[in-house]
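Reviewing the structure listed below.
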Amino acid sequence: MQDRVMAEEQSFYEGKIAKDLLTKEIDLVDRDPKRINDSVIKVDFEDVIAEPQGTHSFDGVWKASYTTFTVTKFWCYRILSAAIGIPLSIVWGFIFALISFCHIWAVVPCIKSYQIETHCLGRIFSLCTHTFCDPLFEALGKIFSSIKVTLQKNM
């Protein structure tokens, strides 16, 4: 009876976790909440085009250039992300799934196996050290413990 209740609770929580992962709400306003692109992709008109003192175009040309640059950048990004963003998200999803798969099913088991083997070898090394080196160093300690050193100052 208790096992059935525990199994039902576990399946409830597993279903809830799976549903939460698939239906997670995304923030449509702040699309970089971890700020991974703060230092990389901030390119505005002023970062690309600048006229030094004494070399200015007409004010209308400057304003039209600003508007053209900004609108072109905006719409090109939107069109490219619509056309290429979804296929690339599939590719990146596959790549990160592959990395996760390799890490879970290959890397961690190899590391764990290595740790088990080195633990076994470490115990053998420790046993050999305690068997052969401890008596030797204990005997040397008893031999040299009777040596007394005195310092004298000769004048």
Side-chain angles (χ1 to χ4, degrees), residues 1-138 140-141:
M1 174 74 173
Q2 188 178 8
D3 291 337
R4 195 178 97 219
V5 171
M6 288 177 63
E8 287 175 2
E9 285 180 5
Q10 184 177 359
S11 67
F12 170 76
Y13 288 120
E14 287 175 355
K16 186 170 174 59
I17 291 170
K19 184 180 178 197
D20 287 346
L21 287 175
L22 295 175
T23 61
K24 179 182 174 185
E25 291 291 325
I26 60 170
D27 188 357
L28 294 177
V29 176
D30 184 11
R31 296 186 184 191
D32 189 9
K34 295 184 181 179
R35 307 289 177 249
I36 62 173
N37 291 316
D38 270 358
S39 62
V40 181
I41 310 177
K42 286 187 176 180
V43 179
D44 292 324
F45 181 76
E46 298 84 12
D47 298 326
V48 177
I49 300 172
E51 292 181 333
Q53 287 292 349
T55 312
H56 285 200
S57 61
F58 295 111
D59 290 344
V61 171
W62 186 251
K63 288 178 184 177
S65 297
Y66 174 81
T67 304
T68 304
F69 176 89
T70 307
V71 170
T72 303
K73 184 181 102 171
F74 176 79
W75 281 107
C76 283
Y77 178 79
R78 286 232 166 150
I79 292 168
L80 286 171
S81 63
I84 302 172
I86 292 179
L88 279 178
S89 67
I90 292 170
V91 169
W92 284 114
F94 176 77
I95 289 171
F96 282 105
L98 184 63
I99 291 169
S100 298
F101 176 82
C102 289
H103 185 75
I104 291 168
W105 292 100
V107 174
V108 172
C110 285
I111 291 172
K112 197 60 162 172
S113 173
Y114 176 76
Q115 287 175 338
I116 290 169
E117 294 300 321
T118 55
H119 179 71
C120 180
L121 292 174
R123 291 189 71 172
I124 293 170
F125 179 75
S126 175
L127 180 65
C128 290
T129 301
H130 289 302
T131 302
F132 299 113
C133 296
D134 283 358
L136 173 67
F137 290 128
E138 190 175 320
L140 289 174

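Scope of the values below: all heavy atoms of this structure, side chains included, with no hydrogens, waters or symmetry mates. Note that the structure is predicted; figures quoted are calculated from it, not measured. The chain is numbered in sequence order, starting from 1.
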Heavy-atom neighbours of Phe94 CZ exceed 12 at 6.0 Å | no
Is the side chain of Ser126 donor-acceptor paired with the backbone N or O of Gly122 at a distance under 3.5 Å, no angle test?
-> no
Out of curiosity, His103 NE2 to Phe96 CZ, how far, rounded to the nearest 0.5 Å?
-> 13.5 Å
Check whether any side-chain heavy atom of Ile116 sits under 4.5 Å from a side-chain heavy atom of Cys120, and report yes or no.
-> no
Under 3.5 Å donor-acceptor, Lys73 side chain and Val43 backbone = yes
For Glu51 and Ser57, work out which heavy atoms get closest and say how close.
-> OE2-OG, 2.9 Å
Please answer whether the main-chain N or O of Tyr66 pairs with a side-chain N or O of Thr70 as donor and acceptor at a distance below 3.5 Å.
-> yes
Between Val48 and Phe69, what is the shortest heavy-atom contact and its length?
-> CG2-CZ, 4.1 Å
What is the minimum heavy-atom distance between Ala50 and Trp62, and which atoms define it?
-> CA-CH2, 4.1 Å
Just wondering, are more than 12 heavy atoms of other shown residues or ligands nearer than 6.0 Å to CZ in Arg35?
-> yes
With the side chain counted from C-beta on, respond yes when Ile111 and Gln115 share a heavy-atom pair under 4.5 Å apart, and no when they do not.
-> yes
Side-chain donor/acceptor of Asp47 to backbone N/O of Asp44, under 3.5 Å | yes
